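Contents: one structure, followed by commentary.
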Amino acid sequence: MSIPKTYNPRNTEDKWYAHWIEKGYFNSTPDEREAYTIVIPPPNVTGVLHMGHMLNNTLQDVMVRRARMMGFNACWVPGTDHASIATEAKVVQKLAKEGIQKNDLTRNEFLEHAFDWKEKHGGIILEQLKKLGASCDWKRTKFTMDDEMSESVIKVFVDLHQKGLIYRGVRMVNWDPSAQTALSDEEVIHKEVNSKLYYIKYKIEGTNETITIATTRPETILGDSAICVNPNDERYTHLKDKKAIVPLVDRVIPIIFDEYVDMEFGTGALKITPAHDINDYQLGDKYGLKTIDILNDDGTLSENASLYVGKDRFVVREEIAVDLKTKGCLVKMEEYKNKIGFSERTDAVIEPKLSMQWFFKMESFSKPALEHVMNDDIQFHPPKFKNTYRHWMENIKDWCVSRQLWWGQQIPAYFYEGNKYVVAENKQDALTLAQKENPSVTMDDLKQDSDVLDTWFSSWLWPISVFDGIRNPNNAEISYYYPTNDLITGPDILFFWVARMVMAGYEYRGELPFKNVYLTGLVRDEQGRKMSKTLGNSPDPIKLIKKYGADGVRVGMLLCAPAGNDIPFDEGLCEQGRNFSNKIWNAFRLIKGWEVSNCKQPEGSKKAINWFESKLSKTINEIDESYSKYRISEALMGTYKLVWDDFCSWYLEIVKPNYGSPIDSTTYAETIKQLEKILKLLHPFMPFLSEEIWHLIDNRKEDIIVADWPLVGIVNEQLLSDFENTKEVVAGIRTIRKQQNIANKEQLELLIIENQKSNANLDAIVVKLGNLSSIRTTIEKLNGAFNFMVKSNEYFIPLAGNIDVALEIEKLKKELDYTKGFLKSTETKLGNERFVNNAPQQVVANEKNKMNDAKAKIEIIEIKIKNLS
RNA sequence: GGGCGAUUAACUCAGUUGGUUCAGAGUGCCUCCUUUACACGGAGGAAGUCGGGGGUUCGAGUCCCUCAUUGCCCA
């Protein structure tokens, strides 16, 4: 049977994934082992996999697979989020294409369409995760609108209401005119845009005077109820008690004085539109101004505007400018850069708007949530996000939780007799409550609030509700799996989700929801832009997997992904991952191709095995250390170098029998053992390839996915350092071969003047890798030989060919200069009394050693130069 | 405008509590090599004033100040 030259992922990935599923390795039930739990950040139910998910889920899978190998009862809970706005927008869009308007449907009819859509498009993303190799416990798959999940959400809402933390009121909210719903502050994205600053002249009532204001939203003058200037602004003091007239509508409004106004900005005079600006709203409140709401929910002007009624606000902005100009009220227009809020989901320009909404007072929750992060009960990786988190927690505002949508959990508030309402888990309870107030209320009188809850109001319970910990707080699952271990997500949802889960954790479980939060970077494209659905600049991960293999893509993603750093994605990284797969494959192919016999074990092989055992142990140690610090790319790089450099380039090259010769059985058995350990280290990163080779090595029942994580053995530091020395000698020989154009096939002789004896005799390795006919020590300098130095030992390769004496001398002089410089630096240091007195003894002693070594080396080089010339 | 970071090789990043001539890794680049696991490979090599300036110290990539550039969060 011949093994193909390159690794082909297509032959292995589906096969092993099906096998793992069949064996139930991903499934977890509570047992006597310690649990290791991750809950997935639930992707949008109708979403498709993008690079951010790839990164995120690869990291989670790496953590889960390693935990499983380390003997934990590993449980990764998958699921999806109903994503109210995003999904509803998609459904509305789809219906519109079919000529159906949302308003033509009843709530139930619409929800039927929405569930159809969810059935059709939902879960695609989970199937895609399987291609990546994600070892989720699929039997636990949850959806934030599953009945039990929704029940938990409602229960929590009612509970918070009873605790007096939920209230209803008219407030200035962020209004998304496209989705026609309120949004939380977190859902508003501020972007800098080029806009225009309009300078508009208002007449002062009863005079010929005017006052000019500057605004970026001229259409809102229709809702003006005052003009405000700074009381310290001498330009306007004479306008006290005067009134201004709004152009076009000729409404008379007061001129008020408040220090809020920035005298430097624009003309120093500010128009006040309480209905459409949060700051104006507050001023309006303070001075009892009229609130004139000139916008409809869809962003067109309302009857209140009295002009341009029914036209979109942006159309009006253009038209009003023209009309103002005609009337001579437009003084000038300037180019202006300002920040404008956009809807996170629909990208529509947010309008501040007064509306009746439900709010959640979170202040009392923020205290424990902040404290336990700041004292590292919950650790953030990297810790720099603690600051951002603190800032948000310390300035926490009430959370607007109602959305004017249908897709989501309907708010369990029931109205009767107009504005009276009760909040209860179901209509029956609501009736009971209402009847306490008024016994004559009937079921038919109760009308449930039509709003739904913010999506995040369900996902903030996720780590609890997936284990049914809200409805059944003492069930076996939640006791076993909660708190979870690691949460891996992007920093963009630190407030949306992470912070709120922490709050929910302490409120509803009395403890943290997870011990560690690993915040990934954002995946960016080559131009540094954030990869997003809207931009369409994300490569299709499934295509990448087809091209490079899932393992290749996983490695590619992780190679450049230190926690918290943005990742400029480059397909070349996947290529590197693919090449790595192939390298491992070929190492296996080499070993598998050997003929094994009972011949004597070569000395070099014996030494190489000892060395590699030490090297492997040391590296496992380092890898474990990297994992514990959540430096996953570092752990991967450690594994990468162990395989490529140590195992392939050195170990295998040493033990490799000569062409056509067999390998001794001892070395073969040892080599297989080492390879198996390496495969285990690789498994979390490259699950498919490692499982495939694991089974090609031997026809066996056990799978690597559940094999034991390799233990750290004894590390012989001396041997490791001797081997480093040997590497340098080999490199010296190779350099000479290359410089002199000597074929590798041609055997060479090596002579050594050992000024410094090494402990382990690794000559056999030098002979093998240098292709030497002999190696021996000498005490005489050899003239007319190529030579090099390692530490203070001198190596000579006698050759018939001509030596370029001048070149040799030049090389030696260069080295001499360097060493002399080195000596000088040590001497200066040691000559400095303050250094000798102040530096720790160890440092001074070190410095003395360095000085002596340098002196010895200089002497040798000088003699060499003398001999040559 | 406020807050928090970042700035080290062409690129992406390491660099622990200041202490080896400590400036490092991977990729890329250059030269040579179809050699008997792998050209998705091997051997060798070049490459950085550690953003600028100042300070503390016997000693600064590492600590402090300042300026510049840049990213993120919040208003």
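Chain letters run A, B, ... following the sequence lines, proteins first and then strands; every chain starts at 1. None of the values given here were measured: they were computed from a predicted structure.
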Practice prompt. Just need the stems in RNA chain B: three or more back-to-back Watson-Crick or G-U pairs, each with both distances under 3.5 angstrom, sorted by first number.
Written response: B:1-7 with B:68-74, B:10-13 with B:24-27, B:29-33 with B:41-45, B:51-55 with B:63-67

Fill in: Heavy-atom donor-acceptor pair, Glu653(A) side-chain to A43(B) base, under 3.5 Å
no

Worksheet item: Using a cut-off of less than 4.0 Å, is there contact between a side-chain N or O of Lys656(A) and OP1 or OP2 of A37(B)?
Response: yes

Item to complete: Indicate whether OP1 or OP2 belonging to G42(B) is found under 4.0 Å from a side-chain N or O atom of Trp644(A).
Response: yes

Item to complete: State whether Asn658(A) places a side-chain N or O below 4.0 Å from either non-bridging phosphate oxygen (OP1 or OP2) of U36(B).
Response: no

Practice prompt. If the plane angle is over 60° it's perpendicular, under 30° parallel, otherwise tilted; pick one for Trp594(A) and Tyr668(A).
Written response: perpendicular

Worksheet item: Going by an N to O cut-off under 4.0 Å, is there a salt bridge joining Glu653(A) and Lys656(A)?
Response: yes

Discussion item. What I want to find out is whether Arg217(A) reaches Glu351(A) closely enough, with some N-O distance under 4.0 Å, to be called a salt bridge.
Written reply: yes

Discussion item. So, OP1 or OP2 of G5(B): does either fall under 4.0 Å of a side-chain N or O from Asn387(A)?
Written reply: yes

Worksheet item: What class does the angle between the rings of Trp456(A) and Phe496(A) fall in, given that below 30° is parallel, 30 to 60° is tilted and above 60° is perpendicular?
Response: parallel

Which pairs, protein N/O on one side and nucleotides 57-64 of chain B N/O on the other, fall under 3.5 Å?
unit_1: C58(B); atom_1: O2'; unit_2: Asn832(A); atom_2: ND2; d: 2.7

Worksheet item: Do the side-chain N or O atoms of Arg631(A) get closer than 4.0 angstrom to the phosphate oxygens (OP1, OP2) of G15(B)?
Response: yes

Worksheet item: Could Glu634(A) and Lys629(A) be called an ion pair, given the rule that one side-chain N must be under 4.0 Å from one carboxylate O?
Response: no

Worksheet item: Would you call the rings of Tyr389(A) and Phe380(A) parallel, tilted or perpendicular if under 30° counts as parallel and over 60° as perpendicular?
Response: perpendicular

